[in-house]
Amino acid sequence: MKKHVVLTLGANDINFEVTTETYNGYLNDIMPNNKVAPAHNFVMRSVVDEDKEKLRKVLEDSPGAAMQICGLLQQEFAPAIEISVKK
């Protein structure tokens, strides 16, 4: 599966192509003591080539931006579903 997501970061629209492979890779890379690097990698792997430089600038200028962007991409790619246990 692939999903196109456009996020407006400041004055720039930045396009992402989130795939099942990049999403699963991010989840597999998360460790209890290492969340920032996997989030940064997920965001950079998902951004389209034409917008990589714009995204790099945002990430350099805004500490924590990778985590925020990662969270939004996750919500758009894999929205929460309602699950209940039948007894």
Side-chain angles (χ1 to χ4, degrees):
M1 180 174 139
K2 182 182 355 182
K3 187 164 191 178
H4 182 82
V5 179
V6 180
L7 299 179
T8 302
L9 306 174
N12 296 305
D13 286 344
I14 299 182
N15 295 275
F16 297 86
E17 293 289 341
V18 183
T19 66
T20 303
E21 292 78 19
T22 57
Y23 177 76
N24 289 345
Y26 164 70
L27 294 178
N28 289 334
D29 288 345
I30 296 174
M31 301 295 284
N33 61 349
N34 187 19
K35 295 177 180 64
V36 176
H40 180 272
N41 293 339
F42 173 61
V43 168
M44 289 305 295
R45 288 178 184 140
S46 298
V47 69
V48 299
D49 288 339
E50 297 81 24
D51 291 343
K52 277 192 194 252
E53 287 307 314
K54 289 192 281 188
L55 178 61
R56 279 194 182 105
K57 178 82 171 120
V58 170
L59 297 178
E60 289 171 6
D61 294 346
S62 305
M67 295 296 293
Q68 294 177 52
I69 295 166
C70 179
L72 289 169
L73 291 176
Q74 286 181 71
Q75 288 175 7
E76 287 298 312
F77 184 74
I81 58 173
E82 187 175 322
I83 301 172
S84 60
V85 176
K86 193 160 196 145
K87 294 183 178 189

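Since we're looking at a predicted model, the values are computed, not measured.
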Fill in: Closest non-hydrogen atom pair between Ala66 and Ala39, with its separation
O-CB, 4.2 Å
Discussion item. Quick check for you: to the nearest 0.5 Å, what is the distance between Ser46 atom OG and Glu21 atom CD?
Written reply: 11.0 Å
Worksheet item: Is Met44 close to Leu59 at the side-chain level, that is, under 4.5 Å between some pair of heavy atoms?
Response: yes
Fill in: Joint hydrophobic cluster, Leu9 plus Val48, side-chain heavy atoms closer than 4.5 Å
no
Practice prompt. Report yes if some heavy atom in the side chain of Phe42 is under 4.5 Å from a heavy atom in the side chain of Asp29; otherwise report no.
Written response: no
Worksheet item: Passes side-chain contact (heavy atoms from CB on, under 4.5 Å), Met67 versus Val36? Steps please.
Response: CA-CA 7 Å; Met67 295 296 293; Val36 176; 4.3 Å; yes
Fill in: Minimum heavy-atom distance between Pro38 and Tyr26, given as atom pair plus value
O-CD1, 3.3 Å
Discussion item. As an exercise, state the distance from CZ of Arg45 to OG1 of Thr22, rounded to the nearest 0.5 Å.
Written reply: 8.5 Å
Discussion item. With a 6.0 Å cut-off (strictly less than), is the heavy-atom count around NZ of Lys52, excluding the residue itself, greater than 12?
Written reply: yes
Worksheet item: Has the side chain of Thr20 got a donor or acceptor atom that lies under 3.5 Å from a matching backbone atom of Met1?
Response: yes
Practice prompt. Find out whether Asn15 and Glu50 are in side-chain contact, i.e. whether some heavy atom of one side chain is under 4.5 Å from a heavy atom of the other.
Written response: no
Worksheet item: Would you say the side chain of Thr19 lies within less than 4.5 Å of the side chain of Phe77, judging by non-hydrogen atoms?
Response: no
Worksheet item: Which value, rounded to the nearest 0.5 Å, describes the distance between Met31 atom CE and Asn28 atom CG?
Response: 11.0 Å
Fill in: Salt-bridge contact Lys57-Glu60 (side-chain N to carboxylate O under 4.0 Å)
no
Worksheet entry | Asp51 and Asp13, any side-chain heavy atoms less than 4.5 Å apart | no
Fill in: Shared hydrophobic cluster for Tyr23 and Ile30 (ILVMFWY, side-chain gaps under 4.5 Å)
yes
Worksheet item: With a 4.5 Å limit on heavy-atom distance, are the side chains of Phe16 and Leu55 in contact?
Response: yes
Worksheet item: Say you draw a straight line from CD of Glu17 to NE2 of His4; how long is it, rounded to the nearest 0.5 Å?
Response: 5.5 Å
Worksheet item: What's the verdict on side-chain contact (heavy atoms from CB on, under 4.5 Å) for Ile69 and Leu7, showing C-alpha distance, side-chain angles and the deciding distance?
Response: CA-CA 8 Å; Ile69 295 166; Leu7 299 179; 3.8 Å; yes
